[in-house]
Structures are given as C-alpha cells and as structure tokens.
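Starting from 1, each residue takes its place in the sequence as its number. Just so you know, ligand 1 is whichever comes first in the structure, and atom 1 is the first atom listed for that ligand. Just the heavy atoms: all of them, side chains too, but no hydrogens, waters or symmetry mates, feed the values below. A quick note: this is a predicted structure, and the numbers were derived from the prediction, not measured.
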Amino acid sequence: MTKTRWYKDAIVYQIYPRSFCDSNGDGIGDIRGIISKLDYLKDLGITCVWLSPCYKSPNDDNGYDISDYRDIMDEFGTLEDWQEMIDGMHARGIKLVMDLVVNHTSDEHEWFKQSRSSKDNPYRDYYIWRPGKGKNGKKPPNNWTSRFTGSAWEYDETTGEYYLHLFSKKQPDLNWDNPKVRQEVADICNYWLEKGVDGFRCDVITYISKEEGLPDGKFNPAIIGDEHFVVGPHFHEYIHELNERAWSKYDTMIVGEAQGITVHNAHDIVDESRGEMDCIFTFEHQTMVDSFLTTVPKKFSLRKWKEVFSNWQALPDTCWNSLYIENHDYSRALPRYGKLEYRKQVAKMLAISIEFLKGTPYIYQGQEIGMTNFDDLKREDYRDIVSIKIYDAVKKYACVFLPLVKWVLNKKARDHARAPMQWSAEKNAGFTTGESWMPLNPNYTEINVAEAEKDPDSILHFYRKLNHFRLGNEIIKNGTYKQYDEKNKKLWIYEREYNGKKYAVVASYTDKEVKFVPPIEWQNKPSKLVIGNYDGQPETLDARTLKPYEAFVYEL
Ligand code: NOJ
C-alpha cells in the first residue's frame with residue numbers, strides 16, 4: 001500500500017502504562033485508566049500515542065520482557081479493554097503505535113521454555129545457545145557484557161550451555177538468523193496491524209543481527225561487544241524483509257530505537273527509498289549529557305547539542321527525524337538543561353526549541369506539566385532492575401563507591417521518569433486509590449494536572465497552544481533549517497523557511513540575562529511574535545537583553 005506518511009504531521013505522546021493512571025485501585029496503571037484520559041490527550045493536541053509494552057510479561061523489566069505477544073498483561077486489563085482503548089483513540093483522531101520488543105523475549109515465553117528444555121527441541125534455535133569456554137566449559141562463550149551490567153551470557157543447567165542476553169538474564173536474545181523467528185515476528189506485527197494499530201516503536205532494533213562466530217569485543221565502558229551486533233551483518237536485510245511481510249502492507253509509522261546510530265549511518269535505515277523504517281530515535285543528543293546509567297552524568301554543552309540537532313536537520317528530504325528529550329529510560333529532562341527555580345520557563349523554552357524543528361515530536365507523560373526528578377531516591381524506592389542491580393553490586397563488591405553511585409542514581413536513575421503521573425493534589429496524585437507500585441514524587445501537591453489547568457501561565461496550557469499551532473503547519477513540516485551564531489554558548493538561534501515565509505527561533509539556555517542581536521538576515525524585516533515563554537514580549541523582533549531561559553519565535 002502507498003503510505004500517506006501521516007507521521008510527518010503527528011505529535012506523539014508516550015504512555016508508560018504502569019505509571020499513567022490506575023482505574024481499579026491495585027496501584028498499577030492500566031488500560032481503563034488510559035481510556036479515562038483520552039479526552040485529556042485530545043485536548044493536549046497530540047495525534048498519536050506510543051504505548052510502552054502492555055503485553056503479558058513477568059515484569060522483570062516492566063514489560064520489556066514479553067511472555068505472550070498476542071495478549072495483554074493481567075494487571076493492565078484484557079484484549080477487550082485494549083480494543084475499546086484503540087477505538088476511543090481512533091474516534092478522537094489519535095493513532096496508536098505499539099512497542100515491538102523482539103530483540104529478546106521473556107525467559108517465560110513458551111518459545112524459551114521449549115528452547116531451554118533440550119538441545120534437539122524444535123525451538124532450540126530460536127535463541128542463541130553456545131557451549132562454555134575453558135577446560136570444563138564454565139567460562140562464557142565470549143566477553144560481551146549486558147546493557148544491564150555483568151556478562152551477557154547465562155549458564156543453563158538443563159543442557160549445560162549458555163544463552164545470550166544483551167539485557168537481563170530473563171530477557172534471552174532471539175536468533176534472527178533463524179528464518180522461523182523472522183516469520184514469527186512478521187506474524188506478530190500482522191496480528192496487531194489487523195487489529196488496527198498504526199505502527200510500531202521497535203525496541204533496541206539495531207541489535208538484532210549478531211556477527212557470525214560471535215567474536216570477543218574490544219573494551220568499551222558502556223557495553224563490550226557493540227561492534228559485533230549494532231547494525232550487524234544482516235540488519236538491513238532482516239528489516240527490509242519485515243517491512244515487506246508486514247509493515248508496508250498497512251499505513252504505518254515504524255520508528256526504531258537506534259542505539260549506536262549517528263547521523264552518518266542513519267540514511268540507510270530511514271531513507272524512503274530503502275523500504276526499512278520511517279524514522280529512528282537517535283541517542284546522539286542524549287548521550288552527550290546523560291549517557292547510559294553506568295557512567296557519571298556529563299556537563300551539558302549547548303554548542304555540541306546544537307551541532308547534533310543541526311546535523312540531523314540537514315538529512316535529505318527523503319529522511320525523517322524523531323524529536324524527543326524525555327522517555328522512560330532517562331531521568332527527567334528539566335534538571336539537565338536548566339535551573340529548577342525557572343521550571344516553567346525552562347520547560348517552555350525546551351518545548352519551543354524542539355517543536356520548531358523538522359521531525360515528529362514526542363512528549364513523554366508528565367513532560368507537559370514539567371514533572372521533575374525525586375530529590376533523594378533511596379534503595380527501597382528503586383523499582384528499576386538496573387538501579388537495583390547497580391546499587392546492590394556496588395554495595396557488595398565496592399562499597400567505598402556507594403556514595404558516588406547513590407549520587408549518580410539520584411541524577412540518572414530511570415525510576416525518576418517512571419514515577420506515577422501527577423494528576424491532582426489528592427492522595428497519590430490522583431494516580432491510584434490504592435497503594436502505588438512505586439513512590440510518588442512528593443512534589444505532586446504543587447506539580448499536577450489539576451493545578452496546571454487552573455493556571456493560565458502553566459506549562460500544560462503552553463504545550464496545548466504550541467501543539468495546536470504546530471499541527472498542519474507547513475513551515476515547520478517542510479521548511480529548510482538554518483542555524484546562526486553556532487558558537488554561541490548561551491543561545492540557540494535558528495530559522496525555518498518555506499515558500500518565502502520564515503520562523504525566527506531564539507532560545508536562551510542560561511539563567512543569566514544575555515544580549516541578543518538579530519542576525520543581519522533578520523533585520524529590517526516586518527516581524528510578528530508567534531509564541532514565547534514570557535509575558536509582555538515585544539510584538540516585533542529587535543535587539544534586546546533576554547531574561548533567564550527566554551525563548552520566542554517570530555514570523556518574518
Ligand atoms: C529499551 C527500552 O526502552 C528499555 O526500557 C528496556 O529496558 C530495553 N530496551 C530492553 O528492552
């Protein structure tokens with residue numbers, strides 16, 4: 001089918017279902033909770049939801065470990081609830097993109113149960129099994145490490161071999177070199193596409209093809225082995241095949257989570273002529289400030305950040321960008337880019353910086369009300385397998401580093417972004433009437449949706465205005481991008497131009513006042529203020545001193 005490429009006009013909202021809204025008081029968000037918030041989503045001006053996994057799962061990694069791809073997790077509801085949810089979305093003009101987690105399954109998936117039962121089981125080759133090394137075969141087959149720390153191999157008593165898991169040991173990697181596995185994945189996609197889903201967000205998709213022989217990797221602080229499986233030898237072939245067998249038969253958006261991809265190798269995955277994916281999530285701008293959990297946070301550099309975004313904006317017109325600063329894998333964005341005493345201005349400034357770029361913007365639940373990190377996470381507050389693993393390992397083997405690790409987790413733990421959505425100042429932030437599965441951020445009494453509704457100057461109202469302005473806007477969708485004053489360490493200044501019309505975008509990333517002089521190209525032109533993050537911003541674009549984190553857009 002010919003794709004309409006509807007995603008080029010979309011604004012996506014990511015729901016992490018466990019923490020969004022609980023309808024039945026068991027302390028865990030669920031599908032009926034989502035249904036109850038569909039009008040809220042519609043009002044926000046978003047046009048698509050990316051739903052983090054809602055399939056059956058033992059929840060070792062909160063649903064990113066799937067034990068049945070064709071059914072809904074018990075705590076979240078039933079397939080009937082799911083159908084009502086997607087129908088409710090479609091009735092409101094909202095599309096639904098599901099998470100497709102197929103680099104690995106849960107070890108409780110029937111395929112793996114079969115696979116581990118004997119060496120000649122028909123499912124044995126669905127996963128990656130190897131004998132151990134060393135005299136008595138007790139050393140892992142190679143030196144690869146898991147993203148979640150430790151060896152990427154787990155020894156299994158039943159057959160005396162190791163299986164590969166690039167994440168937790170309860171997330172065994174599928175063997176994509178097995179044609180049956182690839183057909184199973186296509187069948188799963190078609191199952192959901194027939195039910196009406198509008199696309200997939202493909203989890204760690206760049207890891208699916210492993211180099212033959214699984215050679216040892218060279219030292220790498222994040223993960224050893226990367227060079228042997230990130231965009232491995234058959235990656236393009238397998239993705240193209242999946243596209244032909246499933247994705248291209250429907251009017252989909254396929255967005256790949258693309259670890260290890262830079263602007264230099266993105267083209268071959270996302271160019272429209274390739275028949276692979278429509279767009280990817282790059283990590284380039286994220287890893288600059290908040291590289292993976294096992295490393296300490298880095299200082300934010302606006303110059304590098306602008307460079308990364310500007311390079312992605314320069315991709316050919318046949319490629320498309322995804323624009324995001326938050327998701328369930330990072331702590332909240334605001335403290336990374338600004339001082340919290342200016343929370344509202346920082347949130348709005350970031351929203352302007354991102355939403356005026358070319359691409360599909362993503363808003364992660366809570367971002368639209370400026371949710372922040374916990375002040376002090378304790379061991380008993382962690383729910384994320386990664387925080388727990390890191391903390392416990394350091395405590396056991398290197399306890400002198402415990403204060404450092406606590407500090408790092410307080411800045412970076414994924415738990416921060418997974419805290420329940422703050423709907424109101426009522427008990428448990430209106431998220432649940434029961435006992436929440438994880439602690440709420442105590443600041444919910446001030447930062448919550450109900451409060452934001454009442455405040456005309458709130459981040460929520462700002463996002464609504466911005467989203468509605470962006471929808472259908474041809475300059476933002478199609479315009480060229482040009483950056484000014486690249487070396488400026490405080491201001492991001494860029495323009496978008498289409499059919500003789502221009503948007504002049506200026507965003508200050510400092511809490512200090514800063515002088516701004518419009519580039520010559522913008523001077524002496526009629527100008528009109530389109531949107532900004534302070535009251536009383538001048539109607540026309542002139543030189544001036546900007547307030548902390550001030551941002552605005554003028555039409556020229
Ligand atoms: C990426 C997901 O976003 C993350 O939450 C998960 O832990 C890993 N992939 C493993 O599935």
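- Atom 8 (C) of ligand 1 has its closest protein heavy atom at F167 CE2, 3.8 Å.
- Of the listed residues (R18, Q14, R418), just one forms a side chain to side chain donor-acceptor pair (under 3.5 Å) with H328, and that residue is Q14.
- Residue contact annotation: R201 has a non-hydrogen atom under 4.0 Å from ligand 1.
- Contact annotation: for R147 versus ligand 1, there are no heavy atoms closer than 4.0 Å.
- Less than 4.0 angstrom separates some heavy atom of R418 from each of these atoms of ligand 1: 5 (O).
- In this structure, H104 has a heavy atom closer than 4.0 Å to ligand 1.
- With hydrogens and angles disregarded, no donor-acceptor distance shorter than 3.5 Å links the side chain of S19 to the backbone of Y16.
- You'll find the side chain of Y127 reaches within 4.5 Å of the side chain of H109, heavy atoms only.
- Side-chain polar atoms of Y238 and D177 form a donor-acceptor pair below 3.5 angstrom.
- From the protein, the heavy atom lying nearest to atom 7 (O) of ligand 1 is D61 OD2, 2.5 Å.
- Atoms of ligand 1 found under 4.0 Å from any heavy atom of V204, numbered from 1 in the order shown, are 9 (N).
- Counting atoms of ligand 1 from 1 in the listed order, those under 4.0 Å from a heavy atom of R414 are 4 (C), 5 (O), 6 (C), 7 (O).
- A donor-acceptor pair shorter than 3.5 Å can be found between the side chains of E368 and Y40.
- The aromatic rings of H416 and F374 are tilted relative to each other, their planes meeting at an angle between 30° and 60°.
- Within the 4.5 Å cutoff, the side chain of H104 has no heavy atoms near those of the H165 side chain.
- The side chain of F148, and not its backbone, has at least one atom closer than 4.0 Å to an atom of ligand 1 (non-hydrogen atoms only; side chain from C-beta on).
- Nearest protein heavy-atom neighbour of atom 5 (O) of ligand 1: D329 OD1, 2.7 Å.
- In terms of protein heavy-atom proximity, atom 1 (C) of ligand 1 is closest to D203 OD1, 2.9 Å.
- Taking the ring centroids of W176 and Y126, they lie at or beyond the 6.0 Å cut-off.
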